[in-house]
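These numbers come from a predicted model, not from an experiment. Positions are given from 1 along the sequence.
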Amino acid sequence: MGISSKAKREYYDLVIVGSGSVGLTTALYAAREGIETLVIEKGGNGGQAGTTERIDNYPGFVERIGGSELADQVKAHAERFDVEIPAAKTVTQIQTDGDHKSISTESGNEYCAAAVLLAPGTRYRMLGVPGEEDLIGAGIYFCATCDGPFYKNREVVVVGGGNSGVEEGLFLTKFASKVTVLEFQDQLGTRQILREKAERHPNMEIMLGKAVQEFKGKGHLESIIV
């Protein structure tokens, strides 16, 4: 297919590991200053933003933009300033030798750099139940502030009754007609002040001792088995 996993050179001023929002924007800023930059990414560009179905809160895109489209535009912008972003490869080792760093990849390629920026990002914690992977981005989401406004006047479910889950649930009450928090333990694992807010909120329901068994739906989420 003409896709190369090897960069053009063996030495760069800067090697960035990870091509999410942090990695790509740093590469863009560095390259504009004349810093020869290589970005190594094991998967797709854009990180979590790149896998988001639609982004409604990114400045400058009034009519919203798809996550993959935004990632492609940032990548193209970086490449316009000669940032190298070869095909996906995993970094296996980073070593130092004086002022120089050595970066090895799973394909056997090795690069040297004056500096290395680690921007590997984060991973969502998955439940590992049937239907989950198929419906991510089609009813299953991981960011209330990113996707909450799309569910105005609709019922939503938050899985997890820790600090993060309850905080996200309270935020979602600004948009959703009802928020149900599912927690598999017999009590919420959140701070007392958050627990009291959740218990008092008229649009929130707390269900304890409940665990998701399956997500169901064809093309989009339709029901949850607990």
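Closest of all the heavy-atom pairs between A7 and L38 is CB-CD1, 3.7 Å.
Hydrophobic cluster membership of V22, counting Ile, Leu, Val, Met, Phe, Trp and Tyr whose side-chain heavy atoms lie under 4.5 Å apart directly or via other members: none, as it forms a cluster of its own. In the hydrophobic clustering, where aliphatic and aromatic side chains (Ile, Leu, Val, Met, Phe, Trp, Tyr) are joined below 4.5 Å either directly or transitively, V62 stands alone. In the hydrophobic clustering, where aliphatic and aromatic side chains (Ile, Leu, Val, Met, Phe, Trp, Tyr) are joined below 4.5 Å either directly or transitively, F175 groups with F171.
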Exercise. Please report the C-alpha distance between I103 and V116 in whole Å, then the side-chain angles of each, then the deciding distance to 0.1 Å, and finally whether the side-chain contact (heavy atoms from CB on, under 4.5 Å) criterion is met.
Key: CA-CA 9 Å; I103 302 95; V116 176; 3.6 Å; yes

Practice problem: Give the C-alpha distance, both sets of side-chain angles, the deciding distance and a yes or no for side-chain contact (heavy atoms from CB on, under 4.5 Å) between V158 and L172. | Solution: CA-CA 9 Å; V158 175; L172 287 168; 3.8 Å; yes

Practice problem: For side-chain contact (heavy atoms from CB on, under 4.5 Å), just list the numbers for T105 and Y111, CA-CA rounded to whole Å, side-chain angles, deciding distance to a tenth of an Å, and then say yes or no. | Solution: CA-CA 9 Å; T105 68; Y111 307 100; 4.2 Å; yes

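Residue pairs meeting the side-chain hydrogen bond (donor to acceptor under 3.5 Å, both in side chains) criterion with at least one member in residues 90-99: none, sequence neighbours excluded.
Residues passing the side chain to side chain contact (heavy atoms under 4.5 Å, CB included) test with S164: none are found, sequence neighbours excluded. Residues passing the ring-ring contact (aromatic ring centres under 6.0 Å, His included) test with F215, sequence neighbours excluded: none. Every residue two or more places apart in sequence or in another chain that forms a disulfide (SG to SG under 2.5 Å) with C143 is listed here: C146. Partners of Y58 under the ring-ring contact (aromatic ring centres under 6.0 Å, His included) rule, at least two apart in sequence or in another chain, are F61. In this view, L14 and I16, A30, I35, T37, A115, L117 satisfy the side chain to side chain contact (heavy atoms under 4.5 Å, CB included) rule, not counting sequence neighbours. By the side chain to side chain contact (heavy atoms under 4.5 Å, CB included) test, R9 is found to be paired with Y12, E36, E84, residues two or more places apart in sequence or in another chain being considered. In terms of the side chain to side chain contact (heavy atoms under 4.5 Å, CB included) criterion, residue partners of Q213 (sequence neighbours excluded) are, by chain and number, A211, I225. Every residue meeting the ring-ring contact (aromatic ring centres under 6.0 Å, His included) condition with F81, not counting sequence neighbours, appears here in chain and number order: H77.
V157 and Y124 fall within a single hydrophobic cluster, where Ile, Leu, Val, Met, Phe, Trp and Tyr side chains are chained together by heavy-atom contacts under 4.5 Å.
The 12-atom threshold is exceeded at CD of E110, counting heavy atoms of other residues, nucleotides or ligands nearer than 6.0 Å. Other residues, nucleotides and ligands contribute more than 12 heavy atoms inside 6.0 Å of the NZ atom of K101. Taking a 6.0 Å sphere around CD of E222, one finds it holds more than 12 heavy atoms contributed by other residues, nucleotides or ligands. More than 12 heavy-atom neighbours from other residues, nucleotides or ligands sit within 6.0 angstrom of OH on Y11.
Residues K89 and N109 have side chains not in contact (no heavy-atom distance under 4.5 Å, counting atoms from C-beta outward). Taking the side chain as every heavy atom from C-beta outward, L194 and N163 approach each other to under 4.5 Å. Taking 4.5 Å as the limit, every side-chain heavy atom of P202 sits out of range of all side-chain heavy atoms of T173. Side-chain contact between I206 and L188 is present, with heavy atoms from C-beta onward closer than 4.5 Å.
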